[in-house]
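First up is the structure itself, then whatever we jot down about it.
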Amino acid sequence: MKLLVKKDDFNKGLQSVQKVAQNKSNNLTSENGLLIKALNGVIEIQANDYDMSIKTIIPGIIEEKGEAFLADPHILELTRRINSEEITVSKQDADTQMMIQGGNLKYQYLTMDPDDFNEVEVVEQGYSQFMTDSITLKDMIEHTAYACAADLARPIFTGTFLDVDGATISMVATDTHRLALKTAELDAPVSERLQAVIPSRLLSEISRQLPTDMPVPVQITAIRNYLAVKFSNVYIKTRLIEGQFPDYQRVIPTSFSCAVTVNRTEFTGAVERASIVAKDAQYNVINFVMADGQIKLTSQDPDHGTVEDFVPCKMEGEELSISFNGKYILDILKHCHGDEISLQCKENSPLLVKDLEEDRCVFVVTPMRTR
């Protein structure tokens with residue numbers, strides 16, 4: 001095998017597969033490392049582990065076809081620092097070493113038998129398939145994945161639930177203390193409803209790969225217990241979490257005794273100030289009193305003192321005193337971008353938060369019991 005490639009193209013391809021190639025969560029040699037394959041006029045870089053597989057195509061000149069399987073942690077760092085715009089990648093068929101040359105650098109390293117690599121299988125058809133774009137998908141992931149649970153004791157909550165019904169796509173995540181829901185419309189409806197729970201770690205990796213400088217078409221295909229995502233020159237296949245995701249619509253409150261509209265920037269500043277004291281106490285508790293056209297925020301650390309802050313608001317309904325985990329409130333506010341947000345609640349019930357400039361995103365937080 002002998003390839004002539006641009007340094008930037010080669011590095012971009014390596015970066016796409018790096019996390020999967022260096023996954024240390026398993027001890028299977030055939031599932032650690034990456035495959036460089038040059039056949040049929042196409043240069044592919046592949047990586048595959050138990051959870052996710054990825055294949056990316058890079059431009060370049062194939063002088064001699066071939067393939068190489070390697071597990072080298074230094075390759076990306078070295079090629080980044082090559083002082084040449086072009087790189088030569090070569091390996092003789094009978095040789096166990098592969099060589100990278102660029103500028104004055106020459107790097108040789110051992111390879112493994114390509115037959116031991118579990119190649120990424122591209123599946124074109126599944127039980128359901130739809131098209132969206134990279135910006136929409138990335139936005140949906142970023143607005144929901146943060147609410148996934150970290151506790152592996154309940155695996156179903158460690159992933160984001162993807163629900164595609166007709167022409168509506170929904171993503172929802174919850175750790176049972178908070179919930180984030182984002183919806184969007186598709187250009188064409190799906191013929192078969194798609195429901196899948198995608199591990200948050202793998203979904204974050206998909207999000208990292210999605211281009212955002214301009215919308216790029218993204219094809220998503222459901223295949224038994226896997227989901228395939230295809231865009232540009234990248235193909236990703238991720239495993240799904242087995243199990244039934246709870247009916248999230250039942251968690252979203254629909255009746256309220258108090259409705260408040262508040263400036264997002266002012267409210268965020270007040271919550272941040274109250275959290276300085278609250279985060280040093282157990283559970284990061286902040287009490288919110290909504291009355292007389294303002295929100296009073298109180299937090300305390302028994303060993304140090306108490307903080308009070310006030311934010312003006314527009315209010316409808318009854319006065320309300322209720323407590324929440326300050327971190328959960330701040331996480332929601334980080335994902336709101338409009339000038340104003342609405343807070344709707346009733347005594348001892350979950351809080352519904354909406355960005356008034358984004359009607360397709362909903363956040364829910366459960367209250368905390370205080371003495």
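For the numbers below, each heavy atom of this structure counts, side chains included, while hydrogens, waters and symmetry mates do not.
- Side chains of K346 and S255: a donor-acceptor N/O pair is present below 3.5 angstrom, by distance only.
- Ring geometry for F245 versus F161: interplanar angle under 30°, hence parallel rather than tilted (30 to 60°).
- Side-chain contact between Q209 and K19: absent, with no pair of heavy atoms (C-beta onward) separated by less than 4.5 Å.
- Of the listed residues (T306, V277, V307), just one forms a side-chain contact (heavy atoms from CB on, under 4.5 Å) with T298, and that residue is T306.
- Contact of the V289 side chain with the N287 side chain is registered, since non-hydrogen atoms from C-beta on lie closer than 4.5 Å.
- At a threshold of 4.5 Å between non-hydrogen side-chain atoms, the residues I156 and I241 count as touching.
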After noting the C-alpha distance and the side-chain angles of E205 and R201, does the key distance pass the salt bridge (charged side-chain N to carboxylate O under 4.0 Å, His left out) rule?
CA-CA 6 Å; E205 180 60 18; R201 179 181 67 84; over 6 Å; no
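- Looking at E185 and R360, a side-chain N of the basic residue comes within less than 4.0 Å of a carboxylate O on the acidic one, giving a salt bridge.
- The 12-atom threshold is exceeded at CG of N83, counting heavy atoms of other residues, nucleotides or ligands nearer than 6.0 Å.
- In this pair, H337 and H143 present their aromatic rings perpendicular. The plane angle is above 60°, beyond the 30 to 60° band.
- Counting heavy atoms from C-beta on, the side chains of T174 and Y248 never come closer than 4.5 Å.
- For D187, the CG atom counts as loosely surrounded, since its 6.0 Å shell holds 12 or fewer non-hydrogen atoms of other residues, nucleotides or ligands.
- Note on F256: it clusters hydrophobically with L181, by side-chain heavy-atom contacts below 4.5 Å among ILVMFWY residues.
- Between K327 and D331 there is a salt bridge, since a side-chain N of the basic residue sits under 4.0 Å from a carboxylate O of the acidic one.
- Considering D139, D163, L137, V164 in turn, L137 is the only one that fulfils the side-chain contact (heavy atoms from CB on, under 4.5 Å) rule with M171.
- A salt bridge links K6 to E86: at least one charged side-chain nitrogen sits closer than 4.0 Å to a carboxylate oxygen.
- Around the CD atom of E63, the shell of radius 6.0 Å holds more than 12 heavy atoms that belong to other residues, nucleotides or ligands.
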